[in-house]
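Encoded as structure tokens, the structure appears first; notes follow it.
Because the structure is a prediction, the values reported are computed rather than measured. Note: hydrogens, waters and symmetry copies are ignored here, and every other heavy atom, side chains too, is used. Here is the naming used below: chain letters follow the sequence lines, and residue numbers restart at 1 for every chain.
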There are 2 protein chains.
Amino acid sequence: MNPTTYRTLDAAAIRALVAGLPAIASRLGGPPAQWRVREVSDGNLNNVFLVGGVKGEVCLKQALPHVRVDPTWKMPLDRTFFESEWLRAVQPLAPGLTTEFLHYDPELYVLIVESLSGHTVLRTALMQGARWPGVALRIGTFVAHASFGTSLLARPFEDVFTARRLFSANLALTRITLDLVLDDPYRDHPRNHWHDPALTPIVLDIRSSAATLLAVENLRRRFLSQPQALLHGDLHTGSIMSTADDTRVIDGEFAVYGPIGFDCGMFVGNLVLHYFATPDNAGRQATLHDIAAFWHSFHEEFLTLWTSHETPPPGTLRPLAYGPAARVARQRFMNEIMADTIGFAGVEIIRRIIGYAHTADFDIIADPRQRAACRAGALGFAYHVLEHLDEIRTMADFLRHLAEQGRAGLHEPR
Amino acid sequence: MNPTTYRTLDAAAIRALVAGLPAIASRLGGPPAQWRVREVSDGNLNNVFLVGGVKGEVCLKQALPHVRVDPTWKMPLDRTFFESEWLRAVQPLAPGLTTEFLHYDPELYVLIVESLSGHTVLRTALMQGARWPGVALRIGTFVAHASFGTSLLARPFEDVFTARRLFSANLALTRITLDLVLDDPYRDHPRNHWHDPALTPIVLDIRSSAATLLAVENLRRRFLSQPQALLHGDLHTGSIMSTADDTRVIDGEFAVYGPIGFDCGMFVGNLVLHYFATPDNAGRQATLHDIAAFWHSFHEEFLTLWTSHETPPPGTLRPLAYGPAARVARQRFMNEIMADTIGFAGVEIIRRIIGYAHTADFDIIADPRQRAACRAGALGFAYHVLEHLDEIRTMADFLRHLAEQGRAGLHEPR
């Protein structure tokens with residue numbers, strides 16, 4: 001971890017590094033001089049390269065000492081360490097739903113994983129009109145397995161405490177989530193921005209709604225004080241790569257222990273953004289269906305893991321109540337996750353429209369007025385959800401409200 | 001931390017150790033050969049010595065590689081490290097309410113603090129009939145300041161996460177709490193025991209009450225997954241030394257981040273044990289008053305800290321909602337602590353009567369049948385509270401039930 005050995009790698013340095021890793025070199029095949037090294041950096045934070053040989057390809061990710069898209073925003077390098085630890089923790093729990101871990105270099109903060117060059121970033125695929133009903137199901141499976149398997153339900157508390165210790169050192173990225181998702185948008189802060197003046201009245205309403213602000217304060221506290229399971233921490237549709245049949249969760253550098261509904265809410269919130277950016281009713285119906293399918297899949301798989309007859313490791317909490325009482329306990333826990341999911345979806349939508357880091361979803365709408373109206377629809381929906389969080393307690397309520405507000409805001413040719 | 005240098009210290013070794021610590025040696029005064037070294041080990045876990053010279057006295061505590069009262073129960077030495085870290089964290093927050101930290105030796109697992117030889121263990125004092133109304137108030141102040149000051153309300157989340165990391169390594173003692181307080185008593189386990197067959201029907205009722213078992217499962221999960229503040233972790237009346245005017249919290253080796261109501265509940269639960277062990281109505285009324293005073297003091301002091309106009313350090317969560325909405329948020333948080341207090345008081349009472357580690361409170365009752373009846377009263381009360389946790393939501397409810405059940409079980413001469 002000696003910081004003096006860190007240097008930002010260029011293509012030649014990457015080739016030399018990989019050439020020194022026999023298992024990866026043989027996976028690529030051929031002489032290193034013939035490997036193709038392509039930069040494909042896309043996210044806000046890191047340099048990403050694909051390295052390809054005659055036999056195969058790998059993906060190399062290196063942390064920079066600053067935010068990639070803003071070099072004045074300094075940032076510690078260790079985020080790649082947390083991503084690597086996250087991947088090693090969840091890959092065995094959710095086989096085939098992440099990338100394969102290949103190598104981590106603790107001095108260069110380089111992580112090497114399998115390449116997914118045949119996959120598309122889910123957000124991009126959705127914007128291109130992909131209808132892949134399996135994706136939401138697979139993400140539900142992923143969150144169920146990754147969260148259950150890192151929670152007190154599956155492991156002795158000693159293991160959970162030890163994992164929490166590791167990930168609670170991920171301070172810089174947790175600070176980003178806290179500030180950008182759960183704080184800035186609710187204040188007058190220079191990092192916030194939105195293009196359309198039509199949104200300003202909604203922003204002012206949000207910031208003066210006591211119920212909304214209390215809901216956000218509560219979510220903020222839950223994010224920091226409800227370490228139920230290891231979260232991905234940034235599970236938006238840009239952290240997922242997919243084909244119609246194969247879906248992988250990537251970019252776990254925000255990993256931290258937190259409320260399971262945080263990951264669910266990030267994913268649902270980003271589907272809602274896509275929903276409001278979709279101009280046609282059929283597309284919107286498909287997205288409603290995706291959200292319902294995600295939740296159903298997560299819910300069922302989580303409960304199946306919980307009630308399976310596999311014996312957990314010695315030292316894991318054993319139930320005290322059995323039979324109908326145990327069902328009550330499980331339902332309470334799932335309801336807590338559901339309430340968190342709805343709340344965190346709300347804050348994710350808001351911060352993606354008026355905060356620092358927007359998403360591309362609405363860019364497919366050519367007409368600026370229509371684009372503003374669609375953004376206003378999403379923002380108004382999230383505001384409505386957060387203001388009425390005590391009433392919108394189930395995913396069915398959430399979807400009903402979404403369908404209603406979505407119909408009202410639909411800008412189809414009539 | 002080299003374990004090879006650890007050895008259990010005898011009087012001569014203690015004299016030599018302290019002689020090598022100039023600040024403490026000068027506090028004692030006179031030549032080391034003339035210091036009195038007295039063993040006063042009293043708790044279940046550690047060796048404790050008082051070392052006195054012509055000018056002063058200090059208290060030296062050394063961890064043993066096993067439970068002091070059961071050498072076959074092996075235990076890591078590092079509990080003294082956690083006690084030392086706890087003391088250093090809370091002493092500045094609650095001045096005059098702990099012992100003064102003087103020295104910690106990480107190789108010998110020795111902690112040296114000021115001696116409280118003029119003080120009495122609170123449990124003993126209560127059994128001797130002491131009426132010290134200031135004690136409960138001061139413990140309320142202690143818990144308010146120690147918990148507020150180590151929580152997200154007073155410090156940037158980075159500091160809280162870092163402190164959580166440190167104390168979440170306190171696995172051995174957290175395991176003891178989990179097993180002895182929150183698990184064993186609700187099963188048939190060889191560590192459980194109770195003298196009086198009269199208690200057996202209540203034990204069987206508790207273990208077959210779905211509502212009670214669900215409540216305990218929920219408290220168990222909250223204990224492990226609600227790291228609101230640095231807890232003392234074992235705040236019973238044997239962890240407090242007092243005179244009428246001066247009260248000190250000692251023995252912080254169980255320190256861990258957890259729900260604030262855990263500490264409140266331990267203290268309240270132990271006052272309830274004393275309540276049921278008190279044969280006369282006036283004594284019981286005094287204890288009711290102590291419980292009410294403790295809660296009032298904790299509640300008011302915590303809120304005063306929260307609403308004071310002191311500026312917290314940069315990076316501390318800033319409220320989003322102000323005015324009446326902020327009052328609602330504070331009240332919700334205090335209600336959560338209150339519900340935890342009531343629940344954890346219930347489990348503490350139960351484990352102290354049917355679990356591994358009993359308390360001496362009931363030993364003052366000479367008549368075995370009366371003693372059994374008083375224990376049954378306490379156990380039945382705790383069972384009632386846990387079974388009706390959804391209804392007993394305020395300390396006023398709790399105290400009303402306690403007064404009712406206490407009157408019913410009073411064994412006064414008539």
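Of the listed residues P156(B), S168(B), S209(B), A210(B), the one with more heavy-atom pairs under 4.5 angstrom with chain A than any other is S168(B). Residue with the most contacts toward chain A among R187(B), Q226(B), Q228(B), R332(B): R187(B) (heavy-atom pairs, distance under 4.5 Å).
Contact of T174(A) with chain B is made through backbone and side chain together, with heavy-atom distances under 4.5 Å. With a 4.5 Å cut-off on non-hydrogen atoms, Y257(A) does not touch chain B at all. The contact between A169(B) and chain A is made by backbone and side chain atoms together, counting heavy-atom distances below 4.5 Å.
A donor-acceptor pair is defined here as one N or O able to donate and one able to accept, closer than 3.5 Å; such a pair exists between the side chain of R175(B) and the backbone of G315(A).
One distance of note links CZ of F333(B) with CG of N218(A); it measures 10.5 Å at 0.5 Å rounding. Between atom CG of residue L178(A) and atom CZ of residue F157(B) there is a gap of 6.0 Å, rounded to the nearest 0.5 Å.
Heavy-atom proximity under 4.5 angstrom to chain A picks out nothing from residues 339-353 of chain B. Proximity to chain B at a heavy-atom threshold of 4.5 Å picks out A325(A), V328(A), A329(A) from residues 324-331 of chain A, in numerical order. Contacts between residues 316-323 of chain B and chain A, defined by a heavy-atom separation under 4.5 Å, are made by L317(B), R318(B), P319(B), L320(B), A321(B).
Open room surrounds CZ on R393(B); 12 or fewer heavy atoms of other groups in view lie less than 6.0 Å from it.
The two residues L224(A) and F161(B) come nearest to each other via the heavy atoms O-CE1, 3.7 Å.
Scanning for side chain to side chain contact (heavy atoms under 4.5 Å, CB included) contacts around A146(B) gives V90(B), F142(B), with sequence neighbours left out.
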Requested in this report: Using the side chain to side chain donor-acceptor pair (under 3.5 Å) rule, take R221(B) and S151(A) through it: C-alpha gap first, then chi angles, then the decisive distance, then the call.
Outcome: CA-CA 11 Å; R221(B) 188 166 50 231; S151(A) 78; over 6 Å; no

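Using a 4.5 Å heavy-atom cutoff, the side chains of R164(B) and S225(A) are in contact.
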